[in-house]
Amino acid sequence: MDLVLFIQALLIGIFCYLGSVSSPWLMGVTGGYYVVGRPLVAGLIVGLILGDVTTGIILGVAVQAAFIATISTGGTQNSEITYAAYGGIALGMLAHASTGVTVTLSVGIGALGLILHNFMMVINSYWNRRAEQAANDGDAKGIVWNNAIYPQIGNFILRVVPVTLAVYLGQGFVSDALKAIPKDVTTMMNVLGGLLPALGIALLMNLLIREKAHFIFFLAGFVFIAFIKNNMIALTVFAILIAYIIYLVKQKAGSTVELEDEVI
Amino acid sequence: MDLVLFIQALLIGIFCYLGSVSSPWLMGVTGGYYVVGRPLVAGLIVGLILGDVTTGIILGVAVQAAFIATISTGGTQNSEITYAAYGGIALGMLAHASTGVTVTLSVGIGALGLILHNFMMVINSYWNRRAEQAANDGDAKGIVWNNAIYPQIGNFILRVVPVTLAVYLGQGFVSDALKAIPKDVTTMMNVLGGLLPALGIALLMNLLIREKAHFIFFLAGFVFIAFIKNNMIALTVFAILIAYIIYLVKQKAGSTVELEDEVI
Amino acid sequence: MDLVLFIQALLIGIFCYLGSVSSPWLMGVTGGYYVVGRPLVAGLIVGLILGDVTTGIILGVAVQAAFIATISTGGTQNSEITYAAYGGIALGMLAHASTGVTVTLSVGIGALGLILHNFMMVINSYWNRRAEQAANDGDAKGIVWNNAIYPQIGNFILRVVPVTLAVYLGQGFVSDALKAIPKDVTTMMNVLGGLLPALGIALLMNLLIREKAHFIFFLAGFVFIAFIKNNMIALTVFAILIAYIIYLVKQKAGSTVELEDEVI
Amino acid sequence: MPKLEKKDLRKAWRSWAMYHLSSMSFEKLEAHGFAHSMLPVLKKLYKDNPEEYRKALKRHSVFYNTEPQTGSLVNGVICSMEEKRANGQPIDDDMFHSIKTSIMGPLAGIGDSTLQGIFIPILLTICMGISNHGNPLGVLLYIVAYLAIILSLSYFLFMRGYTLGIHSVNSIIGENAEKLRDAFNTLGIIVIGGLAASFVKLSTVIKIPNGDEQLDLQKTFDGFFPGLLSLLAVLLCWYLISKRKLSASKVLIILVLISVVGVLLGVF
Amino acid sequence: MPKLEKKDLRKAWRSWAMYHLSSMSFEKLEAHGFAHSMLPVLKKLYKDNPEEYRKALKRHSVFYNTEPQTGSLVNGVICSMEEKRANGQPIDDDMFHSIKTSIMGPLAGIGDSTLQGIFIPILLTICMGISNHGNPLGVLLYIVAYLAIILSLSYFLFMRGYTLGIHSVNSIIGENAEKLRDAFNTLGIIVIGGLAASFVKLSTVIKIPNGDEQLDLQKTFDGFFPGLLSLLAVLLCWYLISKRKLSASKVLIILVLISVVGVLLGVF
Amino acid sequence: MPKLEKKDLRKAWRSWAMYHLSSMSFEKLEAHGFAHSMLPVLKKLYKDNPEEYRKALKRHSVFYNTEPQTGSLVNGVICSMEEKRANGQPIDDDMFHSIKTSIMGPLAGIGDSTLQGIFIPILLTICMGISNHGNPLGVLLYIVAYLAIILSLSYFLFMRGYTLGIHSVNSIIGENAEKLRDAFNTLGIIVIGGLAASFVKLSTVIKIPNGDEQLDLQKTFDGFFPGLLSLLAVLLCWYLISKRKLSASKVLIILVLISVVGVLLGVF
Ligand SMILES: OC[C@H]1O[C@H](O)[C@@H](O)[C@@H](O)[C@@H]1O
Ligand SMILES: OC[C@H]1O[C@H](O)[C@@H](O)[C@@H](O)[C@@H]1O
Ligand SMILES: OC[C@H]1O[C@H](O)[C@@H](O)[C@@H](O)[C@@H]1O
């Protein structure tokens, strides 16, 4: 048994747990899911653990791009980004895979991870019932244990075990597979990596676009970046300006009389 | 007699007819005036007929630029663009003229063509009277013949004959003239070619600009292309955004009360 | 005594007087303060007087940049720009100073000049009292002399004398000082020259920004120049467009009923 | 009860799409094109009533003119009205007449400026960009895109006019439609500004001696306002046409004069 | 009279900030996280009244879910309401319930789209730009900036919720707030458009023979519309999800198919 | 009946255009400049009435201050009012006084910010661009353009003020005028933002060791936000002036300190 690799794999599994949406230890989602759980940050962490920060970050940036618009609402996600980040980047690095291959690995692992994550949410129903009973009994301790501690056992196991094993055992397998992969398949993976953000973006659009005319805004944003200046800060300032004007239009319309004398 | 040239000239004349505003055969103005009649398309067609597609298209683009904003409203135009396109590009190609010279030729031919076109419209009054009589008599066939068929005789003759002759006979004349032309005159033609779109654009402005403040929009469009990005698609998206905001402003203002609850 | 230098210094002093805010001779502030008084113009004039137009203009541009947003409202300024321009550029040129050093010199001289200028305004109170008396007496001549002529004596002396002397005597001193200046100090001066416009701009912002949301406009202008196109004309057209839309929004809101039928 | 079938409507659309301007004259323009387009429909509706048929042909042979491609909407509306009339509803000649004359103007305005003033120039500009150096792809794109978009639009508008009938008139000349037209107007003016910057080309060759070197005036212009002279040329043309009421031909002559004199004086 | 001190509020905020989702399940989500966060406050307020304490714990153990970081505002509001109730004001269970359920939805909407849809992607984009070639500065900037901004925001909102109490609800679900949300929505859509252009990457390798040369189709696209194929890909996904109601996983499979087939056909 | 001729008005304009600030002091500013400008007019109107003449001179010698170039409008208005008064209309001193004091403020505001805050900086920026490397063309353009535009504007406003008389006041302080001023304000703020980005220059020389290489911090900044430090510098100044109420001189000293300390610490 390769002890060094095992410890590395274990550490990666633990970070995958710390970055999960329901791990409380790093100030809940704030330091967990939204910081340690992001592929960009995972890239740095995996790089540090495996001893090649530069490669780690480069892969992190690539995986992050594919998941740039992944969001979690109402407890549901379309991919488990943290499994994807730690599992995908670590395996990619160990097998010296290209960014395209690493992204595809991440997507696959993210899909599997989502099943485990949903399984954990099912288990939690059990702890919820106990927490509810504790509330009915006026038992503060019971709430704390059943909300904060017990559910973390399942969460911990369901992340650390599979990720550690996958990283520890998967290296050889992935390396071999990579050697056998024909060039066309690599190209497909690269194409897929470029297509993937379209899914997250479409989900976001579905959330925000409430009428046809809103496509004008979407197009304006697209054209700004594609034609004028590929810089998100510049676009954001421009978008704030447009949003402010739209706000003025609506505010003025909604309450004409009272606002007449207002200083704006 | 040079038979090949004659057939080429004849074909060009026929396309000049097919692209005329009143030729019905290519789905009326849709496939005729607005497709076959455009100098850009004429460039390809003349190029195919004369056996040099590349030169044809290059001249087509140049002549199209000079006529970019030419429009026909209420049956009146400021230049007969189809005569200009076929006559100008064909003569230009045959005489190996530069784009500047070809554009000038086109402008001249367009001015002469306008006289012929207006003459045809006068002739059509005769067929109109017969069509009206047919309507009064409940004679469907009479309407068809006097609307669709007879008027095309004049249209055909007034286009095919002069254009064919001009192309067939004009080649030598234009070539000779070109040799005699001093450099200054060529420069003048180039300058004129660059100035010409200003006329069409001014006519469009006259149509659309209804108050001084609208100049702001005109200037914004100009500055966008001249300073920021020379791309009409980008400008169009930007223009749609502005137009949409203006629309919101007016809509909100016009019917404040009812619209208050509307979702926009 | 170096007569040529003295005459040059004297001429520079006289222009510093002609460009002062209260000198009437070049159509008041129009040809004076806002034309001859601008560092850009001073650069040309000093260059002509000292016989090196190119260097003069280059220094003029540099000093103008530092004072780009300096404005005078209600009789108060934050620096005396005309002293700064003539004193600074002349000494800088004579001592072969870099633009950074010249700008710093100008700032210092501008600060001293402000004291002299304010002193003149105090003196003018005396002539004001006499002019008021003349008005009470219906004495037109008294008004003319006490408004237009007498106050110019102080203004003339307080500008021509110190500027002439500074230029005449300062050259050697500045040259020597320059030789002794360590590189770090030059760097500091360059940094300061780049920072200075921030002060004028902040004063302008303080004048114009009346609510937090206005920062959006400021940021939009900044981002436009910094990211998209470093051209003030393009920005101005864009700004006019935005301002016009804001105007429409407010106009529509303010008087909904009457404006409904208006053509805009 | 006579009823129009899809194939009658298709025929009517096709006739209009082809023969709208085939007998164009200054007095009648699309008058007989309109009648021509109604033939298949009227034949069906009034086949048992030759007098009504005759009257219908007559009422659709009067002066008519609008933008032909977007104008197919009107033909659809009239088809639905004729069908209603043939089925006994009290729609008289005046009604037909007033609807046609009240829509044709605004529709010509919006149609001409949107198609000829915005859509065609933009499509041309894109395709000219592609075909710049003789590449036929741009020309082909223009042909395919124009035909596909405009033929479907024309067909769609005709059918929609038929379905909505007289109500669709509101969507063209109602109050909200006016605001929409205003918005299109704004869009059009911005686009024209861009066309001006793209296509009008004027530059000076004047060089100003400055010491040993020569100052290239055009370069100076380009440094702070690229296209300044082109803008001035457009504004001049606009001023002549709009304020001095010169005809297009007179302005053309002035442009020729400017070119000639400008080159002779060494300005351009 | 029981009174909450700063340190009780801090504890309550910290519990919420950590344990909001620690026992998340499909049916309860943040229910017990909310109760957990109220413990220090309820203990203080009802220490002499175990029955009230029990009832309070119960009423805060029902289904609850909102964006956790901006949602701390609600916890602050509820703390202030519990304090008032403990001091005798007549606030019943229904009141607590209706306030929590009426805010949680809008707050989740604006919170998720602003943080996950706008703020995080923009911050990530900037930092990814810096870390493009492996430079750790970008990652560190992301970590520091996110923590600093969001932790302060969450803390600030909690304290403001406590201070303003029930009135702060208006600032979230009132009429003006709706307009503000609309503005954020606009902002979000524009930003997403930019994200699409930045991150979706699709280009064709098709070459068209043209005489001796070969026309590079992608170059032609880039000439008039860079990112055209990417835009089409996004619109396709949006169409499948929004109009055809496909699930995200199905769309993922379709994207895989497109990649495979496209490469096999030599399109990509 | 005394009547003002064009030449009287021209003289009055010229006196104002020259002597508006020639005796400026903190208490009176343009008071006597205004009186000076009225001399030719009052002489003509009250030549037969020395008492009225004296009173007129007196009433125009009180404190007055506005932007001098756009302010010529007021002089035109007052000329027309004096003419009416000389012809018997009941216009008393208070009337003159209230008109002058009610316009002078708003006019100074809009005049100063439009001319000094927008027009002059833009014209300067353009001309500085041209004269960048010592080319005198830019300076000459500034001189000619400024004089031509502003002298005509000032003359035009004077004459318009005279023609419209008291009514022109509305166009400066009426409700619609306020909206126009708001629009100018917006314009001004955007332009200042651009000036800040063009003219404030601050960059760091800090290099961060990263393995073998060195990371150039300024390059990192430029990669995602060119001009970030300049923006921060402006915001700092604005904060000091607007929120901490520091005087301009104090801020100047702070800027000097920043430069000195920054260079000593190796930051800039
Ligand atoms: O939608 C609100 C909220 O719902 C759940 O709690 C999670 O998915 C969060 O990430 C999300 O913010
Ligand atoms: O103006 C409407 C219409 O009028 C005539 O029919 C022709 O000039 C058409 O090209 C034009 O569209
Ligand atoms: O503020 C109005 C006006 O006040 C004083 O007269 C001077 O500072 C002028 O420069 C300024 O325009």
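Lettering of chains follows the sequences in order, A, B, ..., and the numbering in each one begins at 1.
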Does the ring pair (Phe, Tyr, Trp, His ring centres under 6.0 Å) test come out yes or no for Phe215(C) and Trp238(F), once each step is laid out?
CA-CA 11 Å; Phe215(C) 266 101; Trp238(F) 174 81; 4.7 Å; yes

Distance, nearest 0.5 Å, that separates [atom1] of [X] from [atom2] of [Y]:
| X | Y | atom1 | atom2 | result |
| --- | --- | --- | --- | --- |
| Ser22(F) | Asn155(C) | OG | CG | 9.5 Å |
| Asn135(F) | Ile57(C) | CG | CD1 | 7.0 Å |
| Ile241(F) | Ile201(C) | CD1 | CD1 | 11.0 Å |
| Ile122(F) | Ile233(C) | CD1 | CD1 | 8.5 Å |
| Ser23(F) | Arg130(C) | OG | CZ | 12.5 Å |
| Phe222(C) | Ser230(F) | CZ | OG | 5.5 Å |

For [X] and [Y], work out which heavy atoms get closest and say how close.
| X | Y | result |
| --- | --- | --- |
| Ile68(C) | Met128(F) | CD1-SD, 4.1 Å |
| Met27(C) | His20(F) | O-CE1, 4.5 Å |
| Asn78(C) | Ala248(F) | CB-CB, 3.6 Å |

Counting C-beta onward and ignoring hydrogens, is there a side-chain heavy-atom pair between [X] and [Y] closer than 4.5 Å?
| X | Y | result |
| --- | --- | --- |
| Ile150(F) | Tyr34(C) | no |
| Ser154(F) | Thr30(C) | no |
| Phe218(C) | Leu231(F) | yes |
| Ile71(C) | Ile120(F) | no |
| Val61(C) | His133(F) | no |

Interface moiety of [X] toward chain C, non-hydrogen atoms closer than 4.5 Å:
| X | answer |
| --- | --- |
| Ala196(F) | both |
| Phe225(F) | both |
| His60(F) | neither |
| Phe224(F) | backbone |
| Pro50(F) | neither |
| Ile189(F) | both |
| Ile126(F) | side chain |
| Phe26(F) | both |
| Leu115(F) | neither |
| Lys55(F) | neither |
| Glu67(F) | side chain |
| Leu187(F) | both |
| Tyr53(F) | side chain |
| His36(F) | both |

So which residue, [options], ends up with the most heavy-atom pairs under 4.5 Å with chain C?
| options | result |
| --- | --- |
| Leu240(F), Leu42(F), Val191(F), Ile118(F) | Val191(F) |
| Val234(F), Val62(F), Asn185(F), Asn65(F) | Asn185(F) |
| Gly129(F), Ala183(F), Ala233(F), Gly194(F) | Gly194(F) |
| Ser198(F), Ala35(F), Pro68(F) | Ser198(F) |
| Leu147(F), Ile143(F), Ile192(F), Thr125(F) | Ile192(F) |
| Val200(F), Leu252(F), Leu229(F) | Val200(F) |

Determine the sole option in Thr186(F), Asn176(F), Asp182(F) for which the side chain to side chain donor-acceptor pair (under 3.5 Å) test with Tyr247(C) is passed.
Asn176(F)

Knowing that exactly one of His32(F), Lys58(F), Lys28(F) qualifies, which makes a side chain to side chain donor-acceptor pair (under 3.5 Å) with Glu132(C)?
Lys28(F)

Show your reasoning for whether side-chain contact (heavy atoms from CB on, under 4.5 Å) applies to Met188(C) and Leu264(F).
CA-CA 9 Å; Met188(C) 286 167 195; Leu264(F) 291 181; 3.6 Å; yes

Which one of Asn190(C), Val53(C), Val191(C), Val223(C) has the most heavy-atom pairs closer than 4.5 Å to chain F?
Val191(C)

Contact winner vs chain F - Asn230(C), Ile246(C), Val41(C), heavy-atom pairs under 4.5 Å:
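Looking at each option in turn, the highest pair count goes to Val41(C).
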
In sequence, state the C-alpha distance, the side-chain angles, and the governing distance for Ser72(C) and Gln116(F), and then conclude on side-chain hydrogen bond (donor to acceptor under 3.5 Å, both in side chains).
CA-CA 8 Å; Ser72(C) 150; Gln116(F) 302 191 67; 5.0 Å; no

Arg54(F) side-chain N/O to Ala135(C) backbone N/O, donor-acceptor pair under 3.5 Å:
no

For Ser242(F), does its backbone N or O pair with a side-chain atom of Asn206(C) as donor and acceptor, under 3.5 Å?
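Flag not set: sc Asn206(C) to bb Ser242(F) has no pair under 3.5 Å.
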
If you apply the rule side-chain hydrogen bond (donor to acceptor under 3.5 Å, both in side chains), what do you find for Ser25(F) with Asn128(C), and how did you get there?
CA-CA 8 Å; Ser25(F) 70; Asn128(C) 288 172; 2.4 Å; yes

